[in-house]
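So the structure is just underneath, and the comments pick up after that.
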Amino acid sequence: MLKIRASQVGKIMTSSRSKGDVLSKTAKSYLEQLAKEELLGVRTEFSSKYTDKGNIVEDEAIALVEKVKCEGLFLYKNEEHFSNDYVTGTPDVLTNDFLIDVKSSWNVDTFPMFDKELKNKDYYYQLQAYMWLTGKVESHLCYCLVNTPKFIIKAEVRKLHKPRYSDIKAIILKHKFNADTEKRRVKSFKVELDIEVIGQIKERIEVCREYYNNLING
């Protein structure tokens, strides 16, 4: 039975532009990729410089959230995988009262320092799925701005055509940060469990299963 990863729930919840068609092109494309993987016995993982940085600095980002936003709590990376009849996922951090998902911004340009609300709908649905899986009713999406690993910065510099010192310095300034700015380098958005949204996710997954099964059995 098809289950959707929490991080991908946002893809199936996008709205279709075609009247009478519940699933959007984005949702169908995602389901078709899953069907190809199932039929061909392969598993593909998306990777980019952005995800590479996020994976490498994850522990550092969690430590920064603990220091800046969760004084008195000891935060650690959650390794427990959760699953129900519809979704699966592994939240970054679990506490007694809420869960946390950490997103490491690529550089200063992508850090949502002054945003008033969580604009990324994929992350919103991811948090809803995590709360559904864990029984929590409160979650926090924490964007963190931590130093980019040196080898990634060097790779960015190598992309420059005949780089000048000023060009190199400009890249470094967007990826390296002073310790005295730590409190400003975590942006947190609170998201509460919405039972109505969970119901919508269930309904959408049922439609996804029908489409997916037709691909598999067609």
Shortest non-hydrogen contact from [X] to [Y]?
X	Y	value
Cys144	Val102	SG-CG1, 3.9 Å
Tyr130	Ala6	CE2-CB, 3.5 Å
Ile153	His175	CD1-CB, 3.7 Å
Glu192	Met131	C-CE, 3.6 Å
Lys136	Leu94	CE-CD2, 4.5 Å
Thr110	Trp106	OG1-N, 3.1 Å

Is the shortest heavy-atom distance from the side chain of [X] to the side chain of [Y] under 4.5 Å?
X	Y	answer
Val9	Gln128	no
Ile100	Asp92	no
Ile205	Ile201	yes
Leu160	Ile171	yes
Glu203	Val207	no
Tyr143	Leu118	yes
Lys49	Glu156	yes
Val93	Asn78	no

Is a donor from one side chain sitting under 3.5 angstrom from an acceptor on the other, for [X] and [Y]?
X	Y	answer
Ser139	Asp101	no
Lys69	Ser188	no
Thr88	Ser83	no
Glu79	His81	no
Tyr86	Glu206	yes

Kindly say whether [Y] contributes a backbone atom to a donor-acceptor pair with the side chain of [X] at under 3.5 angstrom?
X	Y	result
Asn120	Tyr123	yes
Ser48	Thr51	yes
Arg5	Val87	no
Lys190	Glu138	no
Asn178	Asp180	no
Ser29	Thr26	no
Gln126	Gln8	no
Asn147	Phe177	yes
Arg209	Leu2	yes
Ser16	Val22	no

[X], [Y]: one ILVMFWY side-chain cluster at the under-4.5 Å cut-off?
X	Y	result
Ile195	Val137	yes
Val191	Phe82	yes
Phe111	Phe114	yes
Phe189	Val146	no
Tyr211	Ile216	yes

* To do: List for me each residue that meets side-chain hydrogen bond (donor to acceptor under 3.5 Å, both in side chains) alongside Glu182, sequence neighbours excluded, and say none if there are none.
  =>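 With sequence neighbours excluded, Glu182 shows a side-chain hydrogen bond (donor to acceptor under 3.5 Å, both in side chains) to Lys67, given in chain and number order.
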* Asked: Does the side-chain hydrogen bond (donor to acceptor under 3.5 Å, both in side chains) test come out yes or no for Ser47 and Asp52, once each step is laid out?
  -> CA-CA 7 Å; Ser47 179; Asp52 287 345; 3.2 Å; yes
For atom [atom1] of [X], is the number of surrounding heavy atoms from other residues, nucleotides or ligands below 6.0 Å larger than 12?
X	atom1	result
Arg43	CZ	yes
Lys174	NZ	no
Lys176	NZ	yes

Salt-bridge contact [X]-[Y] (side-chain N to carboxylate O under 4.0 Å):
X	Y	result
Asp21	Lys28	yes
Asp122	Lys11	no
Lys77	Asp59	no

* To do: Evaluate the criterion side-chain hydrogen bond (donor to acceptor under 3.5 Å, both in side chains) for residue pair Ser104 and Lys53; output intermediate values, then yes/no.
  => CA-CA 8 Å; Ser104 294; Lys53 175 182 176 177; over 6 Å; no
Quick check for you: to the nearest 0.5 Å, what is the distance between [X] atom [atom1] and [Y] atom [atom2]?
X	Y	atom1	atom2	result
Ser15	Leu23	OG	CG	11.0 Å
Lys202	Asn84	NZ	CG	8.0 Å
Tyr76	Thr95	OH	OG1	9.0 Å
Ile172	Thr148	CD1	OG1	11.0 Å

* To do: Under the side-chain hydrogen bond (donor to acceptor under 3.5 Å, both in side chains) rule, what do Gln33 and Thr44 come out as? Steps first, then yes or no, please.
  => CA-CA 9 Å; Gln33 179 63 28; Thr44 59; 3.3 Å; yes
* Can the positive tip of Lys154 be found less than 6.0 Å from the middle of the six-membered ring of Phe151, inside 45° of the ring normal? ->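 Relative to the ring axis of Phe151, which defines the angle, Lys154 lies outside at least one limit.
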* Kindly indicate, with the supporting measurements, whether the criterion side-chain contact (heavy atoms from CB on, under 4.5 Å) is fulfilled by Glu38 and Leu34. => CA-CA 6 Å; Glu38 178 65 24; Leu34 291 182; over 6 Å; no
